[in-house]
Amino acid sequence: MKVNITETTDTCKKINWDDMLDSELLDTIPTNKELKGNNTILDKGLHNKNVIHENTGQKRKSKNTELKVKKVRSDSNEEIKQQVPTETCKQGNNKNNHFRKQKYTKAIKNWLSNLEPPTEDITDLDNIVNDSKSSVDIIQQNTHNSHKEKLVIEKTSKTNKKVVQAQLANKDGIMKFSKPQPNAEDTKNINEAVETKPKEKKVKKFVAPIKSQIPVKDITYELHTLDEDNLDDHREGLHEIINIEIIAVLIYSNGFCQLNSHHTDGTCTPDGIIVNSDDMFYCFKGAGQKIKEALKCLLENNTVICYGAQNILSYLKTHLQMDRINPKIYDAKIGASLLEPDNPPENFSDVQKLLSFSAQYTVATECTLQKAAWYMSLLKQCWAKLYAMLAEDNLWKVFVEIEMKLLPIIAGMECRGLCIDMSKLKSMEEVLLNRMKAVEQQCYKAAGKVFQINSAVQVRAILYDELQLDAKCNVRIRETLCKGAKSTSETMLRSLMNEHPLPKLIMEYRHLHKAHATFLAGIAQHIKDGVVRPTWVQTAAATGRIASNNPNLQAIPKAPFDCVMFPEAGDTDNSQLMFRSIYVSRPGFSLVAADFRHVECRVFAHAAADAGLLRALADHPDLFRALAQHWLKKPEAEIVPEERERTKRLVYASLYGAGTRKLMEILDVDYQQALQVAASFNSSAADLCKLAMILSEEQLRTSSPPVDAHLLLQIHDELVWEVNDLHVDRAAAIIKQAMEGCGQWCGMTVPLPVAISTGKDWGSMQTLEN
DNA sequence: CTAGCGTCA
DNA sequence: TATGTGACGCTAG
């Protein structure tokens, strides 16, 4: 475990669970509406007539963090001026903007090269960056043409310069052209939602850094490209590679490898895999039978060091159909992000920086394979350093026992993907679009004319110029920052709601449109052959949780979606949509979901060793339901899931909020430290969930007779499996046992009950009593 | 209270 | 024309 739970036991002992659930909370359970209102009021910083008690501390805190954020920002701004472009994106907060920023800079470069004939310096600068961070000349050159404000090229004429700057600074174009989305886009059939393929880019050529301060060595690595025909010539050499550490790196179709992957984008497909042992480099290409066997042998008989193992595994699985390969892997990328979880390195050069490692020499070569070999030699040295650092920080065990074991599981999830019921998706889309059309017509009727509801400009014109609603309501409309135009944001619409039906309708339209864009069309664009394969990122979250994107299946609404926002008396159309029900199991399979019951609550209880909370957890099978029953003074049977959910929110909010403040008092530490302690509960729980994945997967694999089960989803504390219909009961028992056992595995004194439910689609799962 | 991602203005 | 930005929506605990 990343955090030693027992270590915190003494320090938090004094926290009293009863205090946290004191009478104050009883008085302040707000209705749903009030809760929402409070939130927005607090967020907007407007009148706080109904402020939640004791929020001064919270306010102070949020100010603190704000300040911190600002500080980080300004620091990184300083950095931007000094650093090379691949590093400009290393902002603590916006770590995920990296990719987009890269695309942006790329676009600018392309655009610039249209202005004037491209020189090799420009197109190849990024290559050099990695090799020669210390090279002053190159850094200067790079700073010129990469940062958007400094983007000036000497040769460019003044007029061009102005055009460039105006465009990049986005002086006046920002909202001017906000194109009203044609409705055709909405009604577009899902089948047609095919992702647009960017144009083929020209293959960049590697040019050795000339002004680099790193000495250039004239090395040629012994590199053999193996394919089906010449494999036999090297068989002897390959057979000798056993029980040692080898390095494996993917090479992409454009000639770059994983270690300089800032040149690759979605269009690059893996093209081969280079394996290095001692001084020999073998590049395996193609997917012939012999290649597969040799590669499999090589990987399984050795310890594999790599960078971005997930890509390698998915390459092996999809291109080479090696389904059940499970080599012993050490992934430097994950290791490095373990060292610095708050600010995980984005690419290999970040890793080098993190390890304060710099290359001793570089190679002059035009051959991309040689280049890759050079990078691999760097990786080898980095790994040695990384290993030492992980061991020093006591992270080695976590790395090997949890993260590396998780790797193949996640790769498996990504590979398998989740089946989509296309007909259901289409019918839901139809319902939603019909509803949208109805709202649209009502809008036109209310406005007295046809306009584009999605266009802020047109809405603004109608609301304020034609109907003069702001004057009627006597509300001052906040003005937007850029143009001083009147805002059409939701809060403003809400304040105009009672005066005219139109704002209400616009809000509803936006609501529907967003739901459609996110959960139907947004999902649809990721569907390939009826299967959606999200990317699972092991290193994204600072808390150690796993995140999903493209699409983010962890954020599909659980509650049914109401098509009608403001039910009216005469309105009979109260159809509800379950966005989760479009996810189905394959024929002959069922979905099995296993859910920890309030993990973090239990981790907290264990860490704080709080008798009251422990007792409460032991007494009630469902703590939140019991609490809701108590607070709302209702019989347990009448507690609807919505109320339970709200109670849960409240409990966690007070648990963390009150918990942190109390920690601060008791430990007599400042807010940051107390936050850290609280965050450690988070990561403990995250590790617990990871462990659950590993253990249950292990149990299922080793069970006899074998169980046909595949992990599909991980929603933090919920695991969703796809299990052969014949094995459901057995699999459920194994999963339950494994998951409940993992509490003991890491010394938890609290039992960890697990709820299992099964069903054919994700929307309608029935609890499985067992 | 914390952490993610995606959409929109 | 396409991008960056912060607010807010959803999720999870």
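Values reported hereafter were calculated over all heavy atoms of this structure, with side chains retained and with hydrogens, waters and symmetry mates removed. Letters A, B, ... mirror the listed sequences (proteins, then strands); counts begin at 1.
Between A:K648 and A:E645 there is a salt bridge, since a side-chain N of the basic residue sits under 4.0 Å from a carboxylate O of the acidic one.
Qualifying salt bridge (Lys or Arg N to Asp or Glu O under 4.0 Å) partners for A:D717, counting only residues two or more places apart in sequence or in other chains: none.
Contacts of A:R580 with the nucleic acid, taken as non-hydrogen atoms under 4.0 Å apart, involve only primed sugar atoms and P, OP1 or OP2. Residue contacts for A:A653: at a heavy-atom cut-off of 4.0 Å it reaches a base atom on one of the strands shown.
Annotation: side chain of A:L425 is in contact with side chain of A:I527 (closest heavy-atom distance under 4.5 Å).
At whole-Å resolution of the value, CD in A:Q714 and C1' in C:dT11 are 12 Å apart. Atoms CZ (A:F519) and C1' (C:dC10) sit 5 Å apart, rounded to a whole Å. If you take NZ of A:K690 and C1' of C:dA12, they are 15 Å apart, rounded to a whole angstrom. Taking atom CZ of residue A:R602 and atom C1' of nucleotide C:dG13, one finds them 13 Å apart after rounding to whole Å. Between the CD1 atom of A:I556 and the P atom of B:dT7 there is a distance of 11 Å, given to the nearest Å. The distance between atom CG of A:N549 and atom C1' of B:dA3, rounded to the nearest whole Å, is 15 Å. Taking atom CH2 of A:W536 as the reference point, atom P of B:dG4 lies 16 Å away to the nearest angstrom. Computed from coordinates, the A:R649 CZ to C:dG9 P distance equals 12 Å when rounded to whole Å.
The residue among A:N550 and A:R545 whose nearest nucleotide of DNA chain B is located toward the 5' end is A:R545.
When only modelled atom types and interatomic distance are considered, A:Q310 and A:Q538 share no side-chain donor-acceptor pair under 3.5 Å.
Comparing C:dC10, C:dA12, B:dG6 by their closest approach to the side chain of A:D717 singles out C:dA12. Nearest nucleotide to the side chain of A:H716, out of B:dT7, C:dA12, B:dG6: C:dA12. In this structure, of C:dA12, B:dG4, C:dG13, it is C:dG13 that holds the atom nearest to the side chain of A:Y656.
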